[in-house]
Amino acid sequence: MWVFEETVNGRKLTDIINNDHENVKYLPGHKLPENVVAISNLSEAVQDADLLVFVIPHQFIHRICDEITGRVPKKALGITLIKVTRVRAAQGWTLLIRTFHFLTLSSKPLLISFLSNLLTGSKVMENGLLFKELLQTPNFRITVVDDADTVELCGALKNIVAVGAGFCDGLRCGDNTKAAVIRLGLMEMIAFARIFCKGQVSTATFLESCGVADLITTCYGGRNRRVAEAFARTGKTIEELEKEMLNGQKLQGPQTSAEVYRILKQKGLVDKFPLFTAVYQICYESRPVQEMLSCLQSHPEHT
């Protein structure tokens, strides 16, 4: 397991994991199996891999992939848990993670599946079924679908909705208001996928665990909701709250809202996505948190 080397209480994090079998900074209180070996050399971690699991903050994707380009075996398959959609506004189209960080890792494209909640999306069903066999347990049941783009988008866009849900909690709104935010957020997720994934989107995927189930879970728990609630109540910035509440981790919801907003603005679709837009403007343009509720009355019905 590649680990970004850090010093924790005077010890290297890799040494702590390998000797104490615990990631005391990011997963305290949970013992890791002894066959999980942490190393700080990224090239060494991937050089003989048959299967790669990507779980890193999305802002480090470019640097990481530059470092391992040409070092990934040709036979390797990959699965990613990274839940953010990158947008290239200059060209005016969504840039899914698959498109930019796996195509140059080896002499052929690395085939990637996406794990979100309890659902795996894979363009190649055989690969998705392989990862199901590897990852599924009696308490962690996995469904496989071939609608990989939708699975990836669900994992990214639900974080924006969770920020909106957190704002509701911070404003001490009732359950009905929060339910309205979740409903409208799901509508915008579906509409966004239909517009930018062309004809490849199956609405049924949104009814799987990666869609409505993960959305509800994230809107009632998770760091995006929790930090957004604190944002609404304290008036502190997102950056201040990340430092205070996340122990070095970063939020994905605000960053994803910024990337989504850029392409919506270029395409002239801002008015069609008032919830996504409100979250972005509150996080980055000093729009009052209370104004988020106005999008519940003005929201267009997506068809």
Side-chain angles (χ1 to χ4, degrees), residues 1-73 76-87 95-106 110 112-117 131 134-135 152 155-156 159 162 218 222-224 226-227 237-256 258-259:
M1 177 175 69
W2 175 70
V3 173
F4 180 76
E5 192 69 276
E6 301 178 65
T7 300
V8 181
N9 298 326
R11 299 173 63 191
K12 292 182 178 180
L13 184 56
T14 52
D15 290 340
I16 296 173
I17 292 173
N18 291 333
N19 291 291
D20 301 347
H21 307 293
E22 181 181 351
N23 189 334
V24 295
K25 180 169 184 180
Y26 297 109
L27 195 64
H30 296 272
K31 285 296 180 181
L32 300 173
E34 293 188 5
N35 64 341
V36 174
V37 179
I39 62 174
S40 59
N41 187 309
L42 182 57
S43 296
E44 183 181 344
V46 304
Q47 65 182 4
D48 296 318
D50 297 302
L51 303 167
L52 298 173
V53 182
F54 289 81
V55 195
I56 58 176
H58 79 280
Q59 57 265 42
F60 302 122
I61 280 292
H62 288 293
R63 180 175 63 82
I64 296 303
C65 291
D66 285 344
E67 188 171 341
I68 63 177
T69 295
R71 294 177 170 84
V72 177
L77 299 175
I79 190 167
T80 176
L81 280 69
I82 304 169
K83 296 179 178 178
V84 67
T85 298
R86 302 295 270 166
V87 175
L95 189 61
L96 297 179
I97 293 171
R98 176 191 307 104
T99 308
F100 74 82
H101 78 145
F102 294 121
L103 292 184
T104 61
L105 293 188
S106 62
L110 180 61
I112 293 298
S113 301
F114 296 86
L115 180 64
S116 179
N117 200 286
F131 281 110
L134 290 168
L135 299 173
E152 185 184 10
N159 289 325
T218 307
R223 58 193 180 197
N224 286 284
R226 185 160 51 93
V227 173
T237 66
I238 293 292
E239 291 76 15
E240 290 173 331
L241 292 170
E242 284 179 331
K243 292 178 181 179
E244 291 180 11
M245 302 174 64
L246 299 184
N247 191 32
Q249 294 181 322
K250 295 290 185 181
L251 291 182
Q252 301 300 337
Q255 293 186 33
T256 304
E259 292 160 355

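Only heavy atoms go into these numbers, but all of them, side chains included; no hydrogens, no water, no symmetry mates.
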Trainee: Taking all non-hydrogen atoms of both residues, which atom of Leu134 and which atom of Leu51 are closest, and how far apart?
Mentor: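 Smallest heavy-atom distance, with atoms named: CD1-CD1, 3.1 Å.
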
Trainee: So how far is it from Ile17 CD1 to Lys12 NZ, rounded to the nearest 0.5 Å?
Mentor: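 Between atom CD1 of Ile17 and atom NZ of Lys12 there are 13.0 Å.
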
Trainee: Give the minimum heavy-atom separation between Ala76 and Ala49, together with the two atoms involved.
Mentor: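 Closest heavy-atom pair between Ala76 and Ala49: CB-O, 3.8 Å.
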
Trainee: Which heavy atom of Ala38 sits nearest to which heavy atom of Asn18, and what is that distance?
Mentor: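 Between these two residues, the closest heavy atoms are N-OD1, 2.7 Å.
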
Trainee: Please tell me if the side chains of Leu251 and Arg223 come closer than 4.5 Å, counting only heavy atoms from C-beta onward.
Mentor: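 They are in side-chain contact.
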
Trainee: Measure the CD1-CG distance between Ile16 and Leu32 for me, rounded to the nearest 0.5 Å.
Mentor: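 Between atom CD1 of Ile16 and atom CG of Leu32 there are 12.0 Å.
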
Trainee: Let me confirm one number: the CG-CZ distance from Leu77 to Phe131, rounded to the nearest 0.5 Å.
Mentor: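 If I round to the nearest 0.5 Å, the distance is 5.5 Å.
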
Trainee: Any donor and acceptor pair, going by atom type alone, linking the side chain of Glu5 with main-chain N or O of Leu13 inside 3.5 Å?
Mentor: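 It does hold such a pair.
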
Trainee: CG/Asp20 to CZ/Arg11 distance, rounded to the nearest 0.5 angstrom?
Mentor: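 With rounding to 0.5 Å, CG (Asp20) is 4.5 Å from CZ (Arg11).
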
Trainee: What is the minimum heavy-atom distance between Trp2 and Ala45, and which atoms define it?
Mentor: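 Smallest interatomic distance, heavy atoms only, reads CB-CB, 3.9 Å.
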
Trainee: Is there a donor-acceptor contact under 3.5 Å from the side chain of Asn224 to the main chain of Gly253?
Mentor: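 Looks like yes, one N/O pair under 3.5 Å.
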
Trainee: Glu6: which residues meet the side-chain hydrogen bond (donor to acceptor under 3.5 Å, both in side chains) condition with it, sequence neighbours left out?
Mentor: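 Partners of Glu6 by the side-chain hydrogen bond (donor to acceptor under 3.5 Å, both in side chains) criterion, ordered by chain and then number, come out as Lys25, Tyr26.
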
Trainee: Work out which heavy atom in Gln47 is nearest to a heavy atom in Pro73; give both atom names and the distance.
Mentor: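 Taking Gln47 first and Pro73 second, the nearest heavy atoms are O-CG, 3.2 Å.
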
Trainee: Does the Glu22 side chain pair with the main chain of Pro28, one donor and one acceptor, at a distance under 3.5 Å?
Mentor: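 No; judged by distance alone, with no hydrogens or angles, the pair does not exist.
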
Trainee: For residues Asn41 and Glu44, report the shortest heavy-atom separation together with the two atoms involved.
Mentor: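 Scanning both residues, the minimum pair turns out to be OD1-N, 2.9 Å.
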
Trainee: Answer whether the closest heavy-atom distance between the side chains of Arg63 and Ile56 falls below 4.5 Å.
Mentor: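 No. Closest side-chain heavy atoms not under 4.5 Å.
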
Trainee: More than 12 heavy atoms of other residues, nucleotides or ligands under 6.0 Å from NZ of Lys31: is that the case?
Mentor: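 Yes - once you tally the heavy atoms of other residues, nucleotides and ligands closer than 6.0 Å, there are more than 12.
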
Trainee: If you measure from CD on Glu242 to OG1 on Thr237, what distance do you get to the nearest 0.5 Å?
Mentor: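 Answer rounded to 0.5 Å: 8.5 Å.
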
